[in-house]
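Below: one structure, written as structure tokens.
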2 protein chains.
Amino acid sequence: MRDIDLERVRALPLFRGCSDETFRTLTAGAFLQRFPAGTTLLLEGDQVDFLYVLLDGIVELQGTWNDRETTLSILRPVSTFILAAVVLDADGLMSARTVERSQILMLSGPAIRRVMVEDAGFAVAVAQEMAGCYRGLVRSLKNQKLRGGLERLANYLITQNLRQGGLNTFNLPHDKRTLASLLGMTPENLSRSLAALVDYGVEVHGPTVTISRPAALERLAKPDPLIDNHQPVTDTPTGKAQRERWPLPDHPVRTAG
Amino acid sequence: MRDIDLERVRALPLFRGCSDETFRTLTAGAFLQRFPAGTTLLLEGDQVDFLYVLLDGIVELQGTWNDRETTLSILRPVSTFILAAVVLDADGLMSARTVERSQILMLSGPAIRRVMVEDAGFAVAVAQEMAGCYRGLVRSLKNQKLRGGLERLANYLITQNLRQGGLNTFNLPHDKRTLASLLGMTPENLSRSLAALVDYGVEVHGPTVTISRPAALERLAKPDPLIDNHQPVTDTPTGKAQRERWPLPDHPVRTAG
DNA sequence: TCGAAACCTTGATCTGCGTCAAATGTAGCC
DNA sequence: GGCTACATTTGACGCAGATCAAGGTTTCGA
């Protein structure tokens with residue numbers, strides 16, 4: 001990895017609290033790679049040898065069962081994935097696939113487990129990142145079990161709008177087929193649900209969404225901060241832990257005195 | 001806390017790898033309490049001051065939205081809960097309620113955050129426990145999104161049977177209304193689904209379930225180790241991390257040399 | 001032991017959403 | 001620019017599951 005890449009990685013929340021020695025150990029055998037769109041990074045059930053950190057692009061986490069497939073999460077930078085399998089040295093429960101051309105850092109799983117034991121600052125950062133991932137999944141499960149498809153879509157649009165500046169017009173970050181899968185519905189049903197939202201001021205032209213009556217949409221959606229994380233785009237790279245503390249201020253990792 | 005309780009707690013996976021000093025700090029201000037059935041331990045959205053560890057009994061984790069309620073998880077001993085909120089010092093995303101009379105250890109959140117930074121062994125154990133909780137939730141989300149109600153029920157019965165000794169007759173661990181909520185369906189639909197499973201050899205009498213044609217049930221359920229964790233009852237208290245590594249052998253926490 | 005409350009089951013009806021098919025639109029490649 | 005493949009939309013239909021109501025069963029407290 002080049003020096004400039006090392007600096008970018010060092011600035012990530014996962015690595016801010018670790019010692020220089022720890023950082024060298026982790027990055028010595030690491031890869032920073034670009035993958036084209038549609039690349040399968042790993043399959044569910046696979047043994048996991050690397051921790052993946054998405055630095056640029058979009059990655060989709062999927063699961064399958066009995067010839068059915070669903071999108072469990074859409075990751076945007078900066079996100080780790082498959083961290084739990086690495087921490088526990090267990091097989092991955094999800095598949096990962098790039099949605100668009102992506103830049104991904106791959107860190108050795110054994111190295112991660114080894115330095116966690118030696119560097120409390122790093123172990124704390126891993127625990128925090130893991131906690132953030134967990135909370136994100138709690139929101140997803142609540143969203144799926146408590147809301148109908150139209151409600152999930154309405155809340156998704158409100159959240160995307162806020163994350164993209166709150167100007168009431170924005171672009172869907174990826175194709176509609178993947179969005180339908182993420183929302184737990186078929187593409188046909190997504191199409192019908194978007195059409196139903198025209199009555200609430202939502203217009204869609206290709207990937208562009210315009211919301212002309214945000215108050216009406218919000219009355220339908222009934223957003224809830226315990227399900228929906230409305231954090232806008234941040235200037236600096238933020239980890240999952242920080243995102244899951246929003247709107248509370250950052251809790252900097254303190255190392256042992 | 002009495003000495004015998006301290007020994008029980010010390011033996012838990014979360015505390016095995018920490019130093020004696022860390023253990024004393026954590027347990028000095030801890031409470032070990034019994035709560036009757038139906039006690040609300042905390043509400044979603046509440047600030048969290050304690051980590052809860054369920055030592056005996058059953059606890060239900062719930063979420064609500066727009067007058068709807070769902071059961072997100074049913075905890076059995078030994079389980080931590082609200083760990084993510086403690087690690088991140090954030091508000092809880094779920095409510096917790098005792099289903100039956102329960103014994104719960106309550107550890108100070110600030111103390112946990114403080115000693116994590118100082119004791120890598122403990123921080124690693126927290127990260128592992130967090131990873132185990134995360135994987136459990138991945139299974140739940142896959143179960144919810146990929147399977148219909150009847151399929152979730154069939155798999156639930158197979159899993160419960162194995163967890164209770166695999167003798168093809170067992171007792172439901174709690175009331176059917178809570179089970180329906182956990183499986184993401186109404187009590188009426190649970191009743192009809194149980195009736196539909198008679199064709200697959202499932203008989204229910206009150207809380208007692210008998211499976212007379214396990215092969216037929218399994219053909220319907222199509223269990224998948226990436227969704228269903230069929231670990232049987234263990235003799236020793238196991239943490240979530242260990243359960244999520246099953247059937248792989250335990251990965252003992254190593255402390256810095 | 002009895003009554004009230006909660007749980008559970010059953011019946012009838014409705015609805016959200018999946019499935020299947022076909023048509024239209026868009027993107028990519030030659 | 002044209003062709004192909006894929007995405008998306010639209011139409012028709014069916015079903016899984018929710019809702020509402022009512023009756024039966026079980027549990028708990030007085």
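No experiment lies behind these values; they were computed from the predicted model shown. The chains referred to below are lettered A, B, ... by the order of the sequence lines, with proteins before strands, and numbering in each begins at 1.
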Using the ring of each side chain (for Trp, its six-membered ring), is B/Phe81 parallel, tilted or perpendicular to B/Tyr52, with breaks at 30° and 60°? parallel
Between atom CG in A/Leu183 and atom P in C/dG18, what is the gap in whole Å? 11 Å
What is the separation between atom CG on B/Leu150 and atom P on C/dG18, rounded to the nearest whole Å? 18 Å
Nucleotide D/dA16, atom C1' - distance to CZ of B/Arg147 in whole Å: 17 Å
Check against side-chain contact (heavy atoms from CB on, under 4.5 Å), A/Arg101 and A/Arg34: CA-CA 7 Å; A/Arg101 179 174 162 82; A/Arg34 286 189 174 280; 3.0 Å; yes
Gap between atoms CD and P, on A/Glu203 and D/dT9 respectively (whole Å): 14 Å
Which whole-number value in Å describes the distance from A/Gln144 CD to D/dG17 C1'? 15 Å
side-chain N/O B/Thr186 vs D/dA18 OP1/OP2, d < 4.0 Å: yes
By the definition salt bridge (Lys or Arg N to Asp or Glu O under 4.0 Å), identify the one residue from B/Arg163, B/Lys142, B/Arg147, B/Arg139 that meets it with B/Asp228. B/Arg147
Taking five pairs at each end of the helix from C/dT1-D/dA30 to C/dC30-D/dG1, what angle separates the two helix axes (nearest 10°)? 50°
Heavy-atom count around B/Gln33 CD within 6.0 Å, excluding the residue itself: above 12? yes
Between B/Glu69 and B/Ser181, do the side chains contain a donor N or O and an acceptor N or O under 3.5 Å apart? no
Would B/Leu157 and B/Phe170 satisfy side-chain contact (heavy atoms from CB on, under 4.5 Å), going step by step from the backbone distance to the final call? CA-CA 9 Å; B/Leu157 295 178; B/Phe170 61 91; 4.0 Å; yes
Round to the nearest Å and state the distance from B/Arg68 atom CZ to D/dA18 atom C1'. 10 Å
Please give, in whole Å, the distance from D/dA18 C1' to B/Asp67 CG? 16 Å
A/Leu146 versus B/Asn66: any side-chain heavy-atom pair under 4.5 Å? no
Without swapping roles, check the side chain of A/Ser95 against the backbone of A/Glu44 for a donor-acceptor pair under 3.5 Å. yes
Are A/Glu203 and A/Ser212 close enough that a side-chain donor and a side-chain acceptor fall under 3.5 Å? no
Contact class for A/Gly184 vs. all strands (heavy atom < 4.0 Å): base, sugar-phosphate, or nothing? sugar-phosphate
Can you check side-chain hydrogen bond (donor to acceptor under 3.5 Å, both in side chains) on B/Thr186 and B/Asn189, steps first, answer last? CA-CA 5 Å; B/Thr186 60; B/Asn189 199 34; 5.2 Å; no
Summarise how protein sits on nucleotides 3-13 of chain C as a single string, 5' to 3': B when a protein heavy atom is under 4.0 Å from the base, S for sugar-phosphate-only contact, - for no contact. ----SSSBBB-
Detail all sub-3.5 Å separations between protein N/O atoms and N/O atoms belonging to nucleotides 24-29 of chain D.
none

Under a 3.5 Å distance rule, please check whether B/Arg213 uses its side chain to pair with a backbone N or O of B/Asp199 as donor and acceptor. yes
